[in-house]
Chemist: 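For reference, the structure I am asking about is given below.
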Amino acid sequence: MYKIEKTDAIADKVYQMWVNAPHVARNAQAGQFLIFRIDENGERIPLTISAVNGDSVRIIFMAVGKTTTHLASLKAGDHILDVAGPLGKPSEIKKFGTCVLVGGGVGTACLPIIARALRNAGNRVIGIIGARNAGLLILEDEMGEVCDELQVSTDDGSRGFHGFAADLLKQTIAKEPVNAVWIIGPTIMMKVTAEVTRPAGIRTFVSLNPIMVDGTGMCGSCRVTVGGETRFACVDGPEFDAHQVDFNGLMQRM
Ligand code: FES
């Protein structure tokens, strides 16, 4: 059993939860995820590890279905039955130079741990976070702390730049040399935003979130086509070369 240390709402229907899971916390690296099951009858839900502090890991989720709504109803002191992880391959962390991390909606949850790792590796890190409106923006303060520079966009202009994160990425690339980009958000946002970096041939990573069941490469439910080959997001990813991913196939499967 895994104790919930702390939980609170950070945006409309979006929650952050710290869970005591020493075996995950001690081994977690940027880009990896965990799979939890609330109780014996619960479904298995994959979530990216958003931060680590001592023996606890932070997950961030939107309460949209039965399980995430149930999870959102739990309080500090309650327990989760299973937490498996860390799963998946870590992000490719090395000295690239200037890196831009682009987060869309709840996808921003994945970015702080990657930003910290990239900065520790000597990179300059620019964050771009976007959401439909100001009420759905998350982790603005934290991203401001872990990035050298932070830009914010909302689709409706209620905060920051009026437009899409992809527009800000386009402006940034036009202004200065960029060596690597991470884009994490809804699948359609990743597909569209990846086209911004394709013409310049900038190394671009996306973190895919297909349906997962076992998370260990056994069931095949998370298969995606990358560079014409079938890959399993849970063991070969979740991060892949954005310019090689068959996003249309992924969206059909989802
Ligand atoms: Fe089953 Fe990836 S979740 S193979």
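All ligand and atom numbering here is 1-based and tracks the order in the structure.
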Chemist: Mark yes when over 12 heavy atoms from residues, nucleotides or ligands other than K66 sit less than 6.0 Å from its NZ; otherwise mark no.
Modeler: no
Chemist: Against heavy atoms of C234, which atoms of ligand 1 measure under 4.0 Å?
Modeler: 2 (Fe), 3 (S), 4 (S)
Chemist: Examine C222 and say whether one of its N/O/S atoms is closer to atom 1 (Fe) of ligand 1 than 2.8 Å.
Modeler: no
Chemist: Can you tell me the N, O or S atom of D214 that's nearest atom 1 (Fe) of ligand 1?
Modeler: OD1
Chemist: What is the closest protein heavy atom to atom 4 (S) of ligand 1, and at what distance does it sit?
Modeler: G220 N, 3.1 Å
Chemist: Can you tell me if CD on E176 sees more than 12 non-hydrogen neighbours from other groups inside 6.0 Å?
Modeler: yes
Chemist: What part of R223, side chain, backbone, both or neither, has a heavy atom within less than 4.0 angstrom of ligand 1?
Modeler: neither
Chemist: List every atom of ligand 1 that sits less than 4.0 Å from any heavy atom of G215, numbering the atoms from 1 in the order shown and giving each element.
Modeler: 1 (Fe), 3 (S)
Chemist: Are more than 12 heavy atoms from other residues, nucleotides or ligands located less than 6.0 Å from atom CE of M218?
Modeler: no
Chemist: Check ligand 1 against C219 and write out every atom of the ligand that is under 4.0 Å from a heavy-atom position of the residue.
Modeler: 1 (Fe), 3 (S), 4 (S)
Chemist: Are a donor atom and an acceptor atom from the side chains of Q29 and S91 found within less than 3.5 Å of each other?
Modeler: no
Chemist: For ligand 1, which atoms, with element, lie under 4.0 Å from some heavy atom of G217?
Modeler: 4 (S)
Chemist: Given I202, which partner from the list V196, V100, V181 fulfils the side-chain contact (heavy atoms from CB on, under 4.5 Å) test?
Modeler: V181
Chemist: Knowing that exactly one of R58, E142, Q16 qualifies, which makes a side-chain hydrogen bond (donor to acceptor under 3.5 Å, both in side chains) with S50?
Modeler: R58
Chemist: Enumerate the atoms of ligand 1 whose separation from the nearest heavy atom of M218 is less than 4.0 angstrom.
Modeler: 4 (S)
Chemist: Under 4.0 Å from any heavy atom of V213, which atoms of ligand 1 are there?
Modeler: 3 (S)
Chemist: Consider only side-chain heavy atoms of I, L, V, M, F, W and Y, link residues closer than 4.5 Å, and tell whether F232 and L208 are in one cluster.
Modeler: no
